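Position 1 is the first residue of the sequence, and the numbers go up from there. All values derive from a computational prediction rather than experimental measurement.
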Amino acid sequence: MRQRNGRKGNAIIEFTLVAIPLIFIQISIVEMCRGMWDYHSLAQAVKVASREAATRGAGCAGAGCAMTVGQIATTISGFAVGMPASSLNVTLTSNAGNVTCNPLSTCAGNNTVWPPAGGNAVGSDIIITGSYNFTSMLMMFVPGTNGMQFSGVTFTAKTRQVILF
């Protein structure tokens, strides 16, 4: 077969015009999935921790029965897969007050009983709120952001459990 002059290189140009947007779409899909993974991991982590604290029962302030802030922090960091404890911010709320762990790693060794004696009665609320700043690789493609100089998106998850027994 003979090629006409002026038609050489069409395939490489067509491939380039199609491949660049397709590669960007593939990277975008991976980053969206990673963001969804992080959000759902955070939501599951605070849900499991609040459920575990609520199922200890009313009047559970004695040794061996009550949970500590450090145990709750360990539970959250164990379920928050892929998120370092130094990047998670958590607030533990009960009827007796709040405990704030900004970041979560600061509460890992805290032996304070939670919920405290005034906040562990039947009908009391156990509320745990967590937040995580998600930064994406996609921002390196946005003009004017100077690469990864992007503050990210903050994912928040909040759960409420009631002490029933």
Side-chain angles (χ1 to χ4, degrees), residues 24-142 145-165:
F24 182 74
I25 289 171
Q26 288 176 335
I27 292 171
S28 300
I29 290 170
V30 168
E31 283 299 293
M32 286 175 37
C33 292
R34 194 172 70 91
M36 291 171 56
W37 173 278
D38 284 349
Y39 172 73
H40 287 287
S41 294
L42 177 64
Q44 181 69 14
V46 296
K47 177 183 171 186
V48 167
S50 67
R51 185 121 180 131
E52 189 174 341
T55 57
R56 296 294 176 133
C60 185
C65 177
M67 287 191 76
T68 64
V69 173
Q71 288 172 325
I72 293 172
T74 302
T75 300
I76 291 172
S77 64
F79 277 90
V81 177
M83 293 176 270
S86 60
S87 299
L88 288 170
N89 297 323
V90 175
T91 302
L92 311 173
T93 306
S94 70
N95 294 347
N98 297 341
V99 175
T100 303
C101 301
N102 290 334
L104 183 64
S105 57
T106 60
C107 290
N110 190 338
N111 290 325
T112 305
V113 173
W114 194 84
N120 62 351
V122 172
S124 295
D125 289 334
I126 302 291
I127 301 171
I128 299 179
T129 307
S131 64
Y132 174 69
N133 191 19
F134 175 76
T135 53
S136 173
M137 292 188 317
L138 286 178
M139 294 319 294
M140 75 174 101
F141 296 114
V142 177
T145 58
N146 296 328
M148 291 297 285
Q149 304 296 325
F150 178 65
S151 62
V153 178
T154 302
F155 294 140
T156 58
K158 182 176 181 180
T159 184
R160 176 182 161 266
Q161 298 286 331
V162 179
I163 297 177
L164 296 175
F165 58 91

*Asks:* Just grab all the salt bridge (Lys or Arg N to Asp or Glu O under 4.0 Å) pairs involving residues 66-86, residues at least two apart or on different chains.
*Replies:*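 Of all non-adjacent pairs touching residues 66-86, none passes salt bridge (Lys or Arg N to Asp or Glu O under 4.0 Å).
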
*Asks:* Taking only residues two or more places apart in sequence or in another chain, which ones pass side chain to side chain donor-acceptor pair (under 3.5 Å) with Gln71?
*Replies:*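 Side chain to side chain donor-acceptor pair (under 3.5 Å) list for Gln71, sorted by chain: empty.
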
*Asks:* Partners of Ile29 by side-chain contact (heavy atoms from CB on, under 4.5 Å), sequence neighbours excluded?
*Replies:*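 With sequence neighbours excluded, Ile29 shows a side-chain contact (heavy atoms from CB on, under 4.5 Å) to Ile25, Cys33, given in chain and number order.
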
*Asks:* How many angstroms lie between atom OH of Tyr132 and atom OG1 of Thr154, to the nearest 0.5 angstrom?
*Replies:*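 Between atom OH of Tyr132 and atom OG1 of Thr154 there are 10.5 Å.
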
*Asks:* Below 4.5 Å, heavy atoms only, C-beta onward: do Pro116 and Trp114 meet side chain to side chain?
*Replies:*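 The answer is yes; the side chains approach within 4.5 Å.
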
*Asks:* Strictly by side chain to side chain donor-acceptor pair (under 3.5 Å), give each pair with a member in residues 97-107 just once, sequence neighbours left out.
*Replies:*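 Pairs touching residues 97-107 that pass the test: Thr93-Asn98.
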
*Asks:* For Arg34, what residues pass the salt bridge (charged side-chain N to carboxylate O under 4.0 Å, His left out) criterion, not counting sequence neighbours?
*Replies:*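 Arg34 satisfies salt bridge (charged side-chain N to carboxylate O under 4.0 Å, His left out) with Glu31 only.
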
*Asks:* Got Lys158 and Ile127 here, is their nearest side-chain heavy-atom distance under 4.5 Å?
*Replies:*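 They are in side-chain contact.
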
*Asks:* Rounded to the nearest 0.5 Å, what separates atom CG in Asn120 from atom CE in Met67?
*Replies:*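 These two atoms lie 13.0 Å from each other.
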
*Asks:* Any side chain to side chain donor-acceptor pair (under 3.5 Å) pairs touching residues 121-131, not counting sequence neighbours?
*Replies:*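 Every side chain to side chain donor-acceptor pair (under 3.5 Å) pair that includes a residue of residues 121-131, provided the two are not neighbours, is Asn95-Ser124, Asp125-Arg160.
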
*Asks:* Among pairs that include at least one residue of residues 66-76, which meet salt bridge (Lys or Arg N to Asp or Glu O under 4.0 Å), considering only residues two or more places apart or in two chains?
*Replies:*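 Listed once each, the pairs would be none.
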
*Asks:* Just jot down the side-chain contact (heavy atoms from CB on, under 4.5 Å) partners of Ala108, sequence neighbours excluded, or say none.
*Replies:*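 Residues passing side-chain contact (heavy atoms from CB on, under 4.5 Å) with Ala108: none at all.
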
*Asks:* Once disulfide (SG to SG under 2.5 Å) is applied, what residue pairs with a partner in residues 66-102 remain, sequence neighbours excluded?
*Replies:*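 Every pair satisfying disulfide (SG to SG under 2.5 Å) with a residue in residues 66-102: Cys101-Cys107.
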
*Asks:* How far does CD of Gln44 sit from CZ of Arg51, to the nearest 0.5 angstrom?
*Replies:*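 CZ of Arg51 is found 11.0 Å from CD of Gln44.
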
*Asks:* If you compare all heavy atoms of Ser77 against all heavy atoms of Ala85, which two are closest, and at what distance to 0.1 Å?
*Replies:*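 Closest pair (atom of Ser77, atom of Ala85, distance): CB-CB, 4.3 Å.
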
*Asks:* Checking side-chain contact (heavy atoms from CB on, under 4.5 Å) between Leu42 and each of Thr156, Val90, Leu88, which is the one that passes?
*Replies:*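 In the set Thr156, Val90, Leu88, the residue that makes a side-chain contact (heavy atoms from CB on, under 4.5 Å) with Leu42 is Leu88.
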
*Asks:* Hey, what do you get for OH (Tyr39) to CZ (Phe155), rounding to the nearest 0.5 Å?
*Replies:*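 Rounded to the nearest 0.5 Å, the OH-CZ separation comes out at 9.0 Å.
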
*Asks:* Which pair of non-hydrogen atoms, one from Ile126 and one from Ser50, has the smallest distance, and what is that distance?
*Replies:*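 Between these two residues, the closest heavy atoms are CG2-O, 4.0 Å.
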
*Asks:* So, using side-chain contact (heavy atoms from CB on, under 4.5 Å) as the criterion, who are the partners of Thr112 when residues are at least two apart?
*Replies:*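 In terms of side-chain contact (heavy atoms from CB on, under 4.5 Å), with neighbours along the sequence ignored, Thr112 is linked to Val69, Asn110.
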
*Asks:* List in chain and number order the residues that pass side-chain contact (heavy atoms from CB on, under 4.5 Å) with Ala49, two or more places apart in sequence or in another chain; answer none if no residue qualifies.
*Replies:*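 By the side-chain contact (heavy atoms from CB on, under 4.5 Å) rule, Ala49 matches Ile72, Thr75, Ile76, Ile128.
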
*Asks:* Check Ala43 against Ala157 and note the closest heavy-atom contact, atom names and distance.
*Replies:*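 Heavy atoms only, the tightest pair is CA-CB, 3.7 Å.
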
